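Predicted, not measured: the structure shown is a model, and the values here were computed from it. Positions are given from 1 along the sequence.
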Amino acid sequence: MTPADPIAEARIAVPVVADVAWGDGFRSDSPSPGSGSGECSASRLYSVPPHDDLLDRVAEWSPVDTPAGGFHLVPVCLERDLPLIGRWMNDPAAAAFWELAGPQEVTQDHLRTQLAGDGRSVPCIGVLDGAPMSYWEIYRADLDPLARHYPARPHDTGIHLLVGGVAHRGRGLGGLLLRAVSDLVLAQRPTCTRVIAEPDIRNTPSVAAFLTAGFRFSAEVDLPAKRAALMVRDRSHRHLL
């Protein structure tokens, strides 16, 4: 389930083109609109009820304030978000690491695998001051194939990030939001002692963004699709870095 690379600002993709479903009236704390019924219900986001997922109800996590504005992780609704995510994945900078470029069905299959799973990975849209500007995957690193390649601990939580909007490039938002989201994970998941990431070792802007966010470089690990930098943010050290 782990993509070719978890990311930061090196994979910023194409400009956001406003979608009808993400119109001016959308608020990240309001019901997520979808086609047909007018909203994307929990039953369409998960194959099990949100309270039974393995990540402590990501769908219920509140927005957070950041120096760049209010930020909210909104679980993906396929009907609403697929065109936008598909465009981001087809940017050459994103495609080089995520490997999800091509027809929309390629991204659709990737998202459906997670949405039809047991809750160990939750794909989300990152909404900054009401504007969808990033794609995230919050996942149980200890239950992921990644756990075969490092000394995993119970409830290790992994994050992947793709900053997609052109207006949000080159502003240091990758590191800022990685810190905000890793803080959110640690606040919402009391059983999680650390947040994990594994960017491609060649993706130096991504590694730099994780370092800026308070992650430490732990090791280089050989994964099936890449050589990765294992980045770790420890609960016990989060106020020191």
Trainee: Indicate whether any N or O donor in one side chain lies under 3.5 Å from an N or O acceptor in the other, for Ser121 and Glu137.
Mentor: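 Distance-only check fails for Ser121 and Glu137.
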Trainee: Applying side chain to side chain contact (heavy atoms under 4.5 Å, CB included) to Leu230 and Glu220, what does each step give before you reach the verdict?
Mentor: CA-CA 6 Å; Leu230 183 67; Glu220 291 189 19; over 6 Å; no
Trainee: Give, for atom CD of Gln104 and atom CG of Asn90, the distance between the pair rounded to the nearest 0.5 Å.
Mentor: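 One finds 9.5 Å between CD of Gln104 and CG of Asn90.
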Trainee: Partners of Thr191 by side-chain hydrogen bond (donor to acceptor under 3.5 Å, both in side chains), sequence neighbours excluded?
Mentor: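 Here the qualifying residues are His155.
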Trainee: Once you round to the nearest 0.5 Å, how far does CD of Gln188 lie from CD of Glu60?
Mentor: 9.0 Å
Trainee: Who pairs with Asp183 by side-chain hydrogen bond (donor to acceptor under 3.5 Å, both in side chains), at least two apart in sequence or on another chain?
Mentor: Arg233
Trainee: Any chance you could lay out the side chain to side chain contact (heavy atoms under 4.5 Å, CB included) test for Thr157 and Arg189, step after step, and finish with the verdict?
Mentor: CA-CA 9 Å; Thr157 303; Arg189 304 206 66 234; 2.7 Å; yes
Trainee: Once side-chain hydrogen bond (donor to acceptor under 3.5 Å, both in side chains) is applied, do any residues pair with Asp222, and if so which ones, sequence neighbours excluded?
Mentor: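 Counting only residues at least two positions away or on another chain, Asp222 forms a side-chain hydrogen bond (donor to acceptor under 3.5 Å, both in side chains) with Arg227.
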Trainee: Say whether, by atom type as modelled, one donor and one acceptor occur between the side chain of Asp234 and the main chain of Arg194 under 3.5 angstrom.
Mentor: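 It does not hold such a pair.
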Trainee: How far does CG of Leu82 sit from NE2 of His110, to the nearest 0.5 angstrom?
Mentor: 11.5 Å
Trainee: Please name all residues satisfying side-chain hydrogen bond (donor to acceptor under 3.5 Å, both in side chains) with Ser134, sequence neighbours left out, ordered by chain then number.
Mentor: Trp136
Trainee: State, yes or no, whether a side-chain contact exists between Tyr139 and Val122 at a heavy-atom distance under 4.5 Å.
Mentor: no
Trainee: Distance-only, no hydrogens or angles: does the His160 side chain make a donor-acceptor pair with backbone N or O of Pro123 under 3.5 Å?
Mentor: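 No; zero donor-acceptor contacts below 3.5 Å.
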Trainee: Can you check whether Val74 reaches Cys124 side chain to side chain, under 4.5 Å on heavy atoms?
Mentor: no
Trainee: Decide yes or no on side chain to side chain contact (heavy atoms under 4.5 Å, CB included) for Leu173 and Leu128, but give the supporting numbers first.
Mentor: CA-CA 10 Å; Leu173 285 177; Leu128 184 64; 4.2 Å; yes
Trainee: Please check: side-chain N/O of Arg120 versus main-chain N/O of Asp144, any donor-acceptor pairing under 3.5 Å?
Mentor: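 Side chain of Arg120 to backbone of Asp144, a donor-acceptor pair under 3.5 Å: no, none is there.
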Trainee: Report the residues that fulfil salt bridge (Lys or Arg N to Asp or Glu O under 4.0 Å) with Arg202, sequence neighbours left out, ordered by chain and then residue number.
Mentor: Asp200
Trainee: When you measure from the side chain of Arg140 to the backbone of Leu54, do you find a donor-acceptor pair of N or O atoms at a distance under 3.5 Å?
Mentor: yes
Trainee: Look up atom OG in Ser62 and atom CG in Leu73, then write down how far apart they are to the nearest 0.5 Å.
Mentor: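 Answer for the OG-CG pair, Ser62 versus Leu73, is 11.0 Å.
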Trainee: Is any side-chain heavy atom of Thr66 closer than 4.5 Å to a side-chain heavy atom of Val64?
Mentor: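 SC-SC contact between Thr66 and Val64 confirmed.
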Trainee: Look up atom CG in Asn203 and atom CZ in Phe210, then write down how far apart they are to the nearest 0.5 Å.
Mentor: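 Between Asn203 CG and Phe210 CZ, I get 9.0 Å after rounding to 0.5 Å.
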Trainee: So Leu184 and Phe71, do their side chains get closer than 4.5 Å, heavy atoms only?
Mentor: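 Of all side-chain heavy-atom pairs linking Leu184 with Phe71, none is under 4.5 Å.
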Trainee: My understanding is that only residues two or more places apart in sequence, or in another chain, count here; which of them pass salt bridge (Lys or Arg N to Asp or Glu O under 4.0 Å) with Glu105?
Mentor: none
Trainee: Would you say that Met89 contacts Tyr135 through its side chain, given a criterion of any heavy-atom pair below 4.5 Å between the two side chains?
Mentor: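 Sidechains of Tyr135 and Met89: in contact.
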Trainee: Quick one about Asp156 and Tyr150 (side-chain donor to acceptor, distance below 3.5 Å, no hydrogens or angles considered), yes or no?
Mentor: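 Indeed, the side chains of Tyr150 and Asp156 share at least one donor-acceptor pair under 3.5 Å.
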Trainee: Do Glu198 and His149 have a side chain donor and acceptor closer than 3.5 Å?
Mentor: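 Short answer, no.
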Trainee: As an exercise, state the distance from CG of Leu115 to SG of Cys77, rounded to the nearest 0.5 Å.
Mentor: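 The SG atom of Cys77 is 9.0 Å from CG of Leu115, to the nearest 0.5 Å.
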Trainee: Under the side chain to side chain contact (heavy atoms under 4.5 Å, CB included) rule, what do Met133 and Val163 come out as? Steps first, then yes or no, please.
Mentor: CA-CA 6 Å; Met133 49 73 64; Val163 177; 4.1 Å; yes
